[in-house]
Asks: 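My questions will all concern the structure given below.
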Amino acid sequence: MKEDLLLEEVIKDFKWLHENPELAYQEYKTTEYIKEQLKKENVTIIDVPLETGLVAQVKGSQDGPVIALRCDIDALPIEEESGLSYSSKKPGLMHACGHDFHTAVMLGVAKVLNLHKEELKGTVKIIFQPAEEAPGGAYKIIETPVLDDVKLIWGIHTAPGIPVGTFAISEGAVMAAVDRFEIRVHGTGTHAAHPEEGIDPIVVMSAIVQSVQTIVSRNMNPFHSTLVSITRIESGNTWNVIPEKGFMEGTVRTLDALDRKQIQTRLSDLVNGIARSYGAEAELTWYAGPPAVYNEAPLCEFAREVAVKLGAKVSEVEKSLGGEDFSLYQETIPGAYLKIGTGGVHPIHHPAFIADPEALVPTVKYIVELAKESLNRYK
Ligand SMILES: [Zn+2]
Ligand SMILES: [Zn+2]
């Protein structure tokens, strides 16, 4: 198929994907659809044992490095309220993070690169990653041997509020390390009328909730973005009994590895110290999530150059304390994460989120050029 027709297909693919969202680890129909579209254009699919998601490959006819492009394919448990003619056909499910946009773009990129493989000096692997919204999606790809020879990786994400035709590229940490914690407080239950005979875990927990906010305000550098949120508290089951124990959980978001470590230590000291001072005991359980997404300056400079050469606009990324498991690839492979202006007024994960389809073709053209130039530059 000619390039113009392939580009028209990107819009059709995007609308199909938008109408047919699937949750993390359940992207069976999505995977099937991607496979069919790639097979129609004779794009190679690498044989790796993935339940959902897949990896395609375009091997150029000339020798050169291997680079990777990564998109994610899963949707969210949100009831769509966008009013689009191609809204979700599945009640309670929606592509509200633009992963349908990413997938359609990478399908287009794979097909266009395949059409021009005579000119390619190296190999491009296109990763259709499952389950970005749930823990572990990136590991499904990392556990396969598919990245072993990859020298460089690019990731993309929709950016609502940034106009179509603008690519937002910033160096440094652009998305946060996302950690989760649980706190269990053990006191002594008693009659509500005899508090002197017990140790009230609710009072201990209240003190902990108040104190952990001082980590950000008193222990962190005020110029660093950090966050501690306690998002759930459970204790007791009636009005006239002081309960024996309580449970809390929450999240810590950081852009800097040292801040991340320091918050964990401080949280542990506060939780244990406060509990002890009330005669109670507490346990902190820490679940480390993906680290921060960090873009090296030279890669950003290069990505901006390519965009400008195509006549696109470039802008800065607004840093976010949201997380993104693209950082797991960056632990072993140099890579950068680029935001694509997709217009609209609602943020990602909003029921009325819209990624403007006008942004599809310019993004495909940009990523194709970025991939070609990466092969020339990162030999
Ligand atoms: Zn998301
Ligand atoms: Zn997303």
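These numbers come from the heavy atoms of this one structure, side chains and all, not from hydrogens, waters or symmetry mates. Counting starts at 1 for both ligands and their atoms, in listed order. By convention here, the first residue in the shown sequence is residue 1.
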Asks: Say whether, by atom type as modelled, one donor and one acceptor occur between the side chain of T214 and the main chain of Q210 under 3.5 angstrom.
Replies: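 Such a contact is absent between T214 side chain and Q210 backbone.
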Asks: Would you sort out whether E41 and K111 count as a salt bridge (Lys or Arg N to Asp or Glu O under 4.0 Å), showing the intermediate values?
Replies: CA-CA 6 Å; E41 296 303 320; K111 294 178 203 170; over 6 Å; no
Asks: State whether the number of non-hydrogen atoms from other residues, nucleotides or ligands found under 6.0 Å of Y287 atom OH is greater than 12.
Replies: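 Atom OH in Y287 is packed in, count exceeds 12.
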Asks: Kindly report the OE2-the Zn ion (ligand 1)-NE2 angle for E133 and H349 respectively, rounded to 10°.
Replies: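 Once rounded, the angle between the two atoms at the Zn ion (ligand 1) is 100°.
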Asks: Answer yes or no as to whether an N/O/S atom of H102 is found below 2.8 Å from the Zn ion (ligand 2).
Replies: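 Short answer: no, not a single N, O or S atom is under the cut-off.
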Asks: Are any N, O or S atoms from H99 nearer to the Zn ion (ligand 1) than 2.8 Å?
Replies: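 Coordinating: no.
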Asks: Could you tell me how the ring of F181 sits relative to the ring of W286: parallel (under 30°), tilted (30 to 60°) or perpendicular (over 60°)?
Replies: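 Parallel, since the angle between the ring planes stays under 30°.
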Asks: Within 2.8 Å of the Zn ion (ligand 1), is there any N, O or S atom belonging to E132?
Replies: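 Within the cut-off used here (under 2.8 Å), E132 places no N, O or S atom near the Zn ion (ligand 1).
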Asks: What angle, in degrees and rounded to 10°, do you get at the Zn ion (ligand 2) when you join it to NE2 of H157 and to SG of C97?
Replies: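 NE2 of H157, the Zn ion (ligand 2) and SG of C97 span an angle of about 100°.
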Asks: Tell me, with the steps shown, if T52 and E27 meet side-chain hydrogen bond (donor to acceptor under 3.5 Å, both in side chains).
Replies: CA-CA 6 Å; T52 55; E27 311 97 330; 2.8 Å; yes
